[in-house]
Number of protein chains: 2
Amino acid sequence: MTFDQRTPKPTLVSLARQVGVSRQTVSNVINNPEVVKPGTREKVLAAIRASGYRPSAIGRALRTRRSMNLGHRLFPVADGINGAIMDRFLHSLSEEAQGRGFRVNLLTVEDDLHEVETLTDLHQGLSIDGAVLTHTYAGDPRPDRLEASGVPTVAWGRPWGKEDTGTWVDVDGGAGTEEATLHLRSLGHTRIGFLGWQRPNNVGEDRCNGWLRGVAGLGCEDLLIESTDGLYEGAQGAKELLARGATALVCASDSLGLGALTAYRQQAIPTGPSIPVIGFDDTPVARAAGMSSVAQPVEACSRQLVSMITTQLQGMPLENSHVILKPTLVLRNLQSFAR
Amino acid sequence: MTFDQRTPKPTLVSLARQVGVSRQTVSNVINNPEVVKPGTREKVLAAIRASGYRPSAIGRALRTRRSMNLGHRLFPVADGINGAIMDRFLHSLSEEAQGRGFRVNLLTVEDDLHEVETLTDLHQGLSIDGAVLTHTYAGDPRPDRLEASGVPTVAWGRPWGKEDTGTWVDVDGGAGTEEATLHLRSLGHTRIGFLGWQRPNNVGEDRCNGWLRGVAGLGCEDLLIESTDGLYEGAQGAKELLARGATALVCASDSLGLGALTAYRQQAIPTGPSIPVIGFDDTPVARAAGMSSVAQPVEACSRQLVSMITTQLQGMPLENSHVILKPTLVLRNLQSFAR
DNA sequence: GATGTTGCTTTGAACGATCCAGCCATGATG
DNA sequence: CATCATGGCTGGATCGTTCAAAGCAACATC
């Protein structure tokens, strides 16, 4: 507070004067130590340590024209349960970015167009070097517009319908629900239902298609219910599907799955050692409830995204601009409180 | 992508040359329009619009020594349910900061000391102007160290035991649980239990004390159970408290509360039109389940914090460095699916 | 002895903005 | 007429860094 003007902050110049070398030599000690003679290097390093010098990110940014910041829009939390996955994503994104010297700069905007506008402004003003998008959908205008404005962009989620454009990483949700479905088949179930989301919803349709592939030949097409997301909707949908003769359920989200669990319990359906309901996203709540769930490799996605945008920023070509990662099925036995 | 070098980015100098005035005049049009003669101003504004000029945040920051960024550590998500409140906080923090021209810069670190170190580095390197802390606790070293390093800091959560130090905003959790307890009393309950968190936990003890004040004179001291947070623990604790004769419950979190709800249901306890369990934080899940809950004024907290740190950054004195806001009790009727 | 070559270091020139002191008309005041 | 204040604008200096080019020994090569 009162220390502000006690000692002026050390800079390259002040350090250089102090040690008796030029500023560039000090700069080299920091950025290219190998070009400086070891003796000189040590002297400079000692002075740096003694003074507590930190390079000014801003001075550096002005010269290099790189702020080492990535812009990212923070979406409002819709649902505490499913929000957990965006939380994980944000955390790992920040972590991976930090690992490569970048930091994540948050944005809150009203809609997609404001997002594009703000990101463009920030990019033009050199506040951010690139953008990380989420919540992509068919017809999403953001990737194109950002590219047109020259903003390097990567997206978590494919640009549905235009998968060959842009730079993105996505999870093969269909493969996840298919694996879940086949697992239930392997347990002997032949009437497997799917609780999904109302259309249009690209992610939801993808997951639904995985289930369809999984139940191929079983004639389960009547066991599909699509609603909005939520515990209540999950419970209602499950009741209906059970009434139609379903014995096992695959769900598009953990919220729907947890809702379905309560329906099973209320109706005291005789099940094996665990209730045959499989959720999606493997959220902490699913873990707590002991529900099986399809887990997205969120951390791997972040790592891939950061890797992609940094190579892009270095002007290097990407070997692969479109990456699809496989989810894994996490099986649990409902050791939960509410068994 | 290929537009990069087509036209060099406009700058104050290029605009000034173009319009035929000095750079300072263009700068004034942007920052102090009132000192420029209207005629000149219009010409400059026209050129700005035509060129799509954006002031370079970096050039500006170098000169003003303000990056307009606030550092904030992102904690890992412990629990999808309670994580929702941190999510809300982050969102509103970013929004409020943006309203004053600041942006939030995320950090992920392993522990408190790394947090202090990183924030100090970023501050020294002029990457951030100040820091916003959360998850404060008794003996928390962070505020003191950051102040010692000259990093302007505000915290969401008081520095327990040293409430007269630092700059912080907190919610009066005890007032919330007390109100919840009194509400249950007004419904006729005389055996009101509390499901809390294991000690030591300053926030939890605060909430527990509110309950204690609320049940004063009822002799409910035996109806206290403190555990780790979670649905399972909530259910177990509730069973135990019901066995001890409790008829209504106040909980330190929505997780515990939701767990408690399931215990009520399993035991088919006769209740009125709604189950007398009150949670804390009013998370989306509580809303979905129809559970009453104590709601923190998260947005007001963010606003206050941003207001405090910005006035501090402007070198202006704070009239009040310690702010406590009251939570509100949100009553619901369990119109939920699982009634 | 002239000419490279190598290893280490220095110097000038940006990068894009704001601060600050000063300049120049114009008009008011004594 | 001299003096001073004022509105509007300008230009130098500065913030801290890196890039590009050049300087300068010492040593090897022809």
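Residue numbers start from 1 in every chain, and the chains themselves are labelled A, B, ... in the order their sequence lines are given, proteins ahead of strands.
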Check nucleotides 5-9 of chain C against the protein and report each pair of N or O atoms closer than 3.5 Å, with its distance, or say if there are none.
{"unit_1": "C:dT9", "atom_1": "OP1", "unit_2": "A:T40", "atom_2": "OG1", "d": "2.4"}
{"unit_1": "C:dT9", "atom_1": "OP2", "unit_2": "A:K37", "atom_2": "N", "d": "3.1"}

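- Each end of the helix from C:dG1-D:dC30 to C:dG30-D:dC1 gets its own axis, taken as the rotation carrying the C1' atoms of four end pairs onto the next four within a five-pair window, and the two axes meet at 60° to the nearest 10 degrees.
- Between A:S27 and D:dT17 there is no side-chain N or O to OP1 or OP2 distance below 4.0 Å.
- Side-chain contact between B:L45 and B:V29 is present, with heavy atoms from C-beta onward closer than 4.5 Å.
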| task | Determine, stepwise, if the pair B:H123 / B:D129 fulfils side chain to side chain contact (heavy atoms under 4.5 Å, CB included). | result | CA-CA 6 Å; B:H123 179 72; B:D129 297 335; 5.6 Å; no

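- The salt bridge (Lys or Arg N to Asp or Glu O under 4.0 Å) analysis of residues 297-322 of chain A, with sequence neighbours excluded, yields the pairs A:R88-A:E299, A:E96-A:R303.
- Applying the salt bridge (Lys or Arg N to Asp or Glu O under 4.0 Å) definition to pairs two or more places apart or across chains, none involves residues 15-38 of chain B.
- Rounded to an integer number of Å, the gap from CE of B:M68 to P of C:dA17 is 16 Å.
- Of all heavy-atom pairs between A:I324 and A:V171, the closest is CG2-C, 4.3 Å.
- Taking each heavy atom of A:F102 and A:T310 in turn, the nearest pair found is CE1-CG2, 3.5 Å.
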Tell me which donor-acceptor pairs under 3.5 Å the side chains of residues 131-146 of chain B have, and how far apart each pair is, sequence neighbours excluded?
{"unit_1": "B:T136", "atom_1": "OG1", "unit_2": "B:G157", "atom_2": "O", "d": "3.2"}
{"unit_1": "B:T136", "atom_1": "OG1", "unit_2": "B:R158", "atom_2": "O", "d": "2.8"}
{"unit_1": "B:Y137", "atom_1": "OH", "unit_2": "B:D112", "atom_2": "OD2", "d": "2.4"}
{"unit_1": "B:D140", "atom_1": "OD1", "unit_2": "B:R142", "atom_2": "N", "d": "3.0"}
{"unit_1": "B:D140", "atom_1": "OD1", "unit_2": "B:R142", "atom_2": "NE", "d": "2.9"}
{"unit_1": "B:D140", "atom_1": "OD2", "unit_2": "B:R142", "atom_2": "NE", "d": "3.1"}
{"unit_1": "B:D140", "atom_1": "OD2", "unit_2": "B:R142", "atom_2": "NH2", "d": "2.7"}
{"unit_1": "B:R142", "atom_1": "NH1", "unit_2": "B:E115", "atom_2": "OE1", "d": "2.8"}
{"unit_1": "B:R142", "atom_1": "NH1", "unit_2": "B:E115", "atom_2": "OE2", "d": "3.4"}
{"unit_1": "B:R142", "atom_1": "NH1", "unit_2": "B:T134", "atom_2": "O", "d": "3.3"}
{"unit_1": "B:R142", "atom_1": "NH2", "unit_2": "B:T134", "atom_2": "O", "d": "2.8"}
{"unit_1": "B:R142", "atom_1": "NH2", "unit_2": "B:H135", "atom_2": "O", "d": "3.1"}
{"unit_1": "B:D144", "atom_1": "OD2", "unit_2": "B:K162", "atom_2": "NZ", "d": "2.7"}

Check nucleotides 12-16 of chain D for protein N or O atoms closer than 3.5 Å to its own N or O atoms and list the pairs.
{"unit_1": "D:dG12", "atom_1": "N7", "unit_2": "B:R23", "atom_2": "NH2", "d": "2.9"}
{"unit_1": "D:dG12", "atom_1": "O6", "unit_2": "B:R23", "atom_2": "NH2", "d": "2.5"}
{"unit_1": "D:dA13", "atom_1": "N6", "unit_2": "B:R23", "atom_2": "NH2", "d": "3.3"}
{"unit_1": "D:dT14", "atom_1": "O2", "unit_2": "B:R63", "atom_2": "NH1", "d": "3.1"}
{"unit_1": "D:dC15", "atom_1": "O3'", "unit_2": "B:R65", "atom_2": "NH1", "d": "2.8"}
{"unit_1": "D:dG16", "atom_1": "OP1", "unit_2": "B:R65", "atom_2": "NH1", "d": "3.1"}
{"unit_1": "D:dG16", "atom_1": "OP1", "unit_2": "B:R65", "atom_2": "NH2", "d": "3.3"}
{"unit_1": "D:dG16", "atom_1": "N2", "unit_2": "A:G59", "atom_2": "O", "d": "3.2"}

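- Distance alone, capped at 3.5 Å, is enough to place a donor-acceptor pair between the A:T64 side chain and the A:R60 backbone.
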